Number of protein chains: 2
Amino acid sequence: MKNCHTDSAEVNVIDELENDFLRDVAEFFKVFGDVTRIRILQSLLTGEKNVTELADLLDISQSAISHQLRVLRQNNLVKYRKEGKTVFYSLDDEHVQTILEQGMVHIRHKRGYAE
Amino acid sequence: MKNCHTDSAEVNVIDELENDFLRDVAEFFKVFGDVTRIRILQSLLTGEKNVTELADLLDISQSAISHQLRVLRQNNLVKYRKEGKTVFYSLDDEHVQTILEQGMVHIRHKRGYAE
DNA sequence: TTAATATATGAACATATATTCATTTGAATG
DNA sequence: CATTCAAATGAATATATGTTCATATATTAA
């Protein structure tokens, strides 16, 4: 007799789904786990910016910025808007902002940075 | 005449502090950016577990678990308690739990997993 | 003390990832 | 159309990271 928790084949299926899910969660956090991307995201907290602006502001090559923006795009952390030749990026939703700010608050408290 | 925002040397000092801070934030998120560590953390949501338990439960070698627990320890995501030869690990504080759950909720919604 | 068990650690290896450099695409303008 | 400017992309390289394997440490039991 089987129930929804002890049948081994069924549990394996569930485990696989769970593992896929956790893999995605890890991938999601991984995107926040890079200084360049964090700096980009933090810059976008104050509003949309184009690629050149970001490169100048952060003193990082246009190429590096562009590569990282692609990662951010692919993971839906930013959205963009084209206007002529320039592309303006901004944070995708408040979820992103919330998580970013949570992390910043955590480190600020932990390391005792001035508020 | 200088003020607290335009003096270039002073700004550089501020930038350095800010960059150090953002580096730490990225490091912090990086810890969440690995499936094994996420699986460990998720397992600890239901309470403390020892190393062997985790290795069995997650079907990951004792060594791999131990290496990752070290990373989690060094970043204050978990704390531990020794009892004889066994070491019990648990989540450090609710901050960790909050961020983990935020990420899981985000992915669940984004990917449309069943609640 | 010897054996057994739980955990930690170091070295080696394979893979992933970020940056640079060169080039390309695409849009506006002369 | 040729040029210029903004952004994207591909290849190459250097570095970081996770796992395995072998071994060490530490605690308990025989």
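In what follows, every chain begins at residue 1, and chains take the letters A, B, ... in the order their sequences are listed. Computed from a prediction, not measured in an experiment: that's the story for all the values here. All values below were derived from every heavy atom in this structure, side-chain atoms included, with hydrogens, water molecules and symmetry-related copies excluded.
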Is the shortest side-chain heavy-atom distance between A:Phe32 and B:Val25 below 4.5 Å? no
Tested for side chain to side chain donor-acceptor pair (under 3.5 Å) against B:Tyr89, the lone hit among B:Arg73, B:Glu53, B:Glu48 is B:Arg73
Give me each pair satisfying side-chain hydrogen bond (donor to acceptor under 3.5 Å, both in side chains) with a member in residues 30-40 of chain B, each pair once, sequence neighbours excluded. A:Asn19-B:Arg39, B:Glu27-B:Lys30, B:Arg37-B:Gln68
Write down the atom of B:Val35, the atom of A:Ala26, and the distance for their closest heavy-atom approach. N-CB, 3.5 Å
Rounded to the Å, how far apart are B:Arg23 CZ and C:dA18 C1'? 14 Å
Can B:Lys49 and B:Thr52 be counted as having a side-chain donor-acceptor contact under 3.5 angstrom? no
Rounded to the Å, how far apart are B:Glu83 CD and D:dT27 P? 14 Å
Do the non-hydrogen side-chain atoms of B:Asp93 and A:His106 ever get within less than 4.5 Å of each other? yes
Write down the distance between CZ (A:Arg39) and P (C:dA18), rounded to a whole number of angstrom. 15 Å
Between D:dA6 (P) and A:Lys49 (NZ): distance, integer Å: 17 Å
Starting at the 5' end of nucleotides 7-21 of chain D, put B wherever the base has a protein heavy atom under 4.0 Å, S where only the sugar-phosphate does, and a dash everywhere else. BBBB------SSSBB
